S.K.: 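Dumping the structure here so I can ask a few things about it.
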2 protein chains.
Amino acid sequence: MPSAAQLDDTMLALADPTRRAILKRLARGEARVTELAAPFDMTLNAVSKHIRVLERARLVNRRRDGREHILSFNPKPLDEAAVWIERQRNFWNARLDALERALREDDET
Amino acid sequence: MPSAAQLDDTMLALADPTRRAILKRLARGEARVTELAAPFDMTLNAVSKHIRVLERARLVNRRRDGREHILSFNPKPLDEAAVWIERQRNFWNARLDALERALREDDET
DNA sequence: GGCATATTATACCTTTCGGTTGAATAATAA
DNA sequence: TTATTATTCAACCGAAAGGTATAATATGCC
């Protein structure tokens with residue numbers, strides 16, 4: 001059961017194209033900060049901040065190897081977000097099913 | 001193929017507990033603005049703004065009936081968000097599978 | 001030691017967020 | 001017509017987002 005605050009953090013982290021791109025990259029394997037920053041037309045500092053947002057959401061873990069910080073992907077919060085989304089979809093579908101049932105009953109009278 | 005901007009809007013809309021609660025309510029059926037606002041300890045105006053954010057993300061549709069605005073749930077952007085999340089998870093799992101295969105091959109030598 | 005490299009910290013700026021209050025608009029009811 | 005009800009609009013506020021430039025902190029290398 002993901003807390004509301006955890007979902008807030010996760011969704012917020014996903015609500016930015018730079019951060020989604022970083023995650024995409026990390027889903028394929030670890031990387032250092034500089035490597036992650038390379039594709040982007042912004043300061044290393046800005047990317048560093050984006051990484052911190054991803055860390056706050058626990059989507060990214062940091063390990064230090066000398067002066068290099070090595071980032072890795074943690075899918076767990078993504079799972080929790082997916083569960084929330086799936087649940088709403090289920091409620092929605094259940095409602096449509098009930099509506100359909102009701103219409104069918106109506107037909108039979 | 002959801003545009004980056006569409007995903008931005010969707011994720012941002014989901015990154016707030018009030019808006020998630022509103023969506024949850026709407027997944028069970030339409031409601032008016034006042035009805036949606038009732039459970040929350042904030043101004044009707046604030047809720048009205050949250051609804052606008054949900055509309056911008058196309059998660060909510062508005063229909064007018066006299067002076068009442070009737071809001072309904074649109075699951076489409078939720079589907080697109082789920083697809084994005086699922087895709088990252090797949091990349092991640094593929095990577096783990098490859099790692100496992102590599103380890104197994106190593107065993108056989 | 002001294003210099004280059006990897007990364008964060010701090011301070012600052014502009015825009016957006018989430019909320020408020022108070023006024024405007026539109027539709028219904030008396 | 002005059003209230004009352006449903007909703008938005010507009011202005012404002014403090015806090016956070018997303019970016020910059022510059023300084024600080026480690027670590028690695030000669």
Side-chain angles (χ1 to χ4, degrees), chain A residues 3-26 29-73 77, chain B residues 3-26 29-73 77:
Chain A
S3 76
Q6 171 64 53
L7 267 183
D8 289 358
D9 289 347
T10 304
M11 298 296 194
L12 186 69
L14 297 179
D16 179 279
T18 302
R19 288 192 295 263
R20 284 197 303 273
I22 292 176
L23 266 199
K24 224 166 179 164
R25 166 65 187 78
L26 287 178
E30 314 184 315
R32 295 177 308 127
V33 175
T34 316
E35 285 167 13
L36 289 178
F40 302 107
D41 187 23
M42 68 179 74
T43 318
L44 181 67
N45 227 325
V47 173
S48 177
K49 276 183 167 188
H50 279 302
I51 293 172
R52 238 191 309 136
V53 174
L54 290 167
E55 280 186 284
R56 188 173 58 191
R58 297 184 183 68
L59 284 161
V60 157
N61 291 128
R62 183 188 303 254
R63 165 171 54 93
R64 254 186 89 165
D65 179 22
R67 61 183 163 177
E68 302 178 354
H69 295 211
I70 296 175
L71 290 317
S72 58
F73 174 55
Chain B
S3 76
Q6 171 65 51
L7 267 183
D8 288 359
D9 288 347
T10 303
M11 298 297 194
L12 186 68
L14 296 180
D16 179 278
T18 303
R19 289 193 293 263
R20 285 197 304 273
I22 292 176
L23 265 200
K24 226 166 179 163
R25 166 64 186 79
L26 286 179
E30 316 184 314
R32 297 177 306 127
V33 176
T34 317
E35 285 167 13
L36 287 178
F40 301 109
D41 186 23
M42 68 180 72
T43 318
L44 180 69
N45 229 325
V47 173
S48 176
K49 276 182 166 188
H50 279 302
I51 294 172
R52 235 187 316 135
V53 174
L54 290 166
E55 280 187 284
R56 186 172 60 192
R58 297 184 184 70
L59 285 161
V60 157
N61 291 129
R62 183 188 304 253
R63 166 171 55 95
R64 254 185 91 164
D65 179 22
R67 61 185 163 178
E68 302 178 356
H69 296 210
I70 296 174
L71 291 317
S72 58
F73 175 56

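Not measured: the values here are computed from a predicted model. Letters A, B, ... mirror the listed sequences (proteins, then strands); counts begin at 1.
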S.K.: Is the closest side-chain heavy-atom distance between B/Arg32 and B/Leu71 below 4.5 Å?
M.R.: no
S.K.: Are the side chain of B/Ser48 and the backbone of B/Leu44 linked by a donor-acceptor contact shorter than 3.5 Å?
M.R.: no
S.K.: Given A/Phe73, which partner from the list A/Asn61, A/Val60, A/Leu23, A/Leu54 fulfils the side chain to side chain contact (heavy atoms under 4.5 Å, CB included) test?
M.R.: A/Leu23
S.K.: Please give, in whole Å, the distance from D/dT5 P to B/Arg32 CZ?
M.R.: 12 Å
S.K.: Whole Å only: how far is the CG atom of A/Leu36 from the P atom of C/dA6?
M.R.: 14 Å
S.K.: What nitrogen or oxygen pairs link the protein and nucleotides 25-29 of chain C at under 3.5 Å?
M.R.:
none

S.K.: In whole Å, I'd like the distance from the CG atom of B/Asp8 to the C1' atom of C/dT15.
M.R.: 15 Å
S.K.: Assess whether side chain to side chain contact (heavy atoms under 4.5 Å, CB included) is satisfied between B/Asp16 and A/Met11, documenting all intermediate values.
M.R.: CA-CA 8 Å; B/Asp16 179 278; A/Met11 298 296 194; over 6 Å; no
S.K.: CZ of A/Arg19 to CG of B/Asp8: how many Å apart, nearest 0.5 Å?
M.R.: 9.0 Å
S.K.: Does the protein touch nucleotides 14-20 of chain D at the base, only the backbone, or not at all? Give it as B, S and - per nucleotide, heavy atoms under 4.0 Å.
M.R.: ---SSBB
S.K.: Just how far, in rounded Å, is P of C/dT5 from NE2 of A/His69?
M.R.: 17 Å
S.K.: When rounded to the nearest 0.5 angstrom, what is the spacing between CG in A/Asp65 and CD in A/Glu30?
M.R.: 10.0 Å
S.K.: Would you say the side chain of B/Leu59 lies within less than 4.5 Å of the side chain of B/Leu14, judging by non-hydrogen atoms?
M.R.: yes
S.K.: Starting at NE2 of B/His50, measure out to CG of B/Asn45 and round the result to the nearest 0.5 Å.
M.R.: 11.0 Å
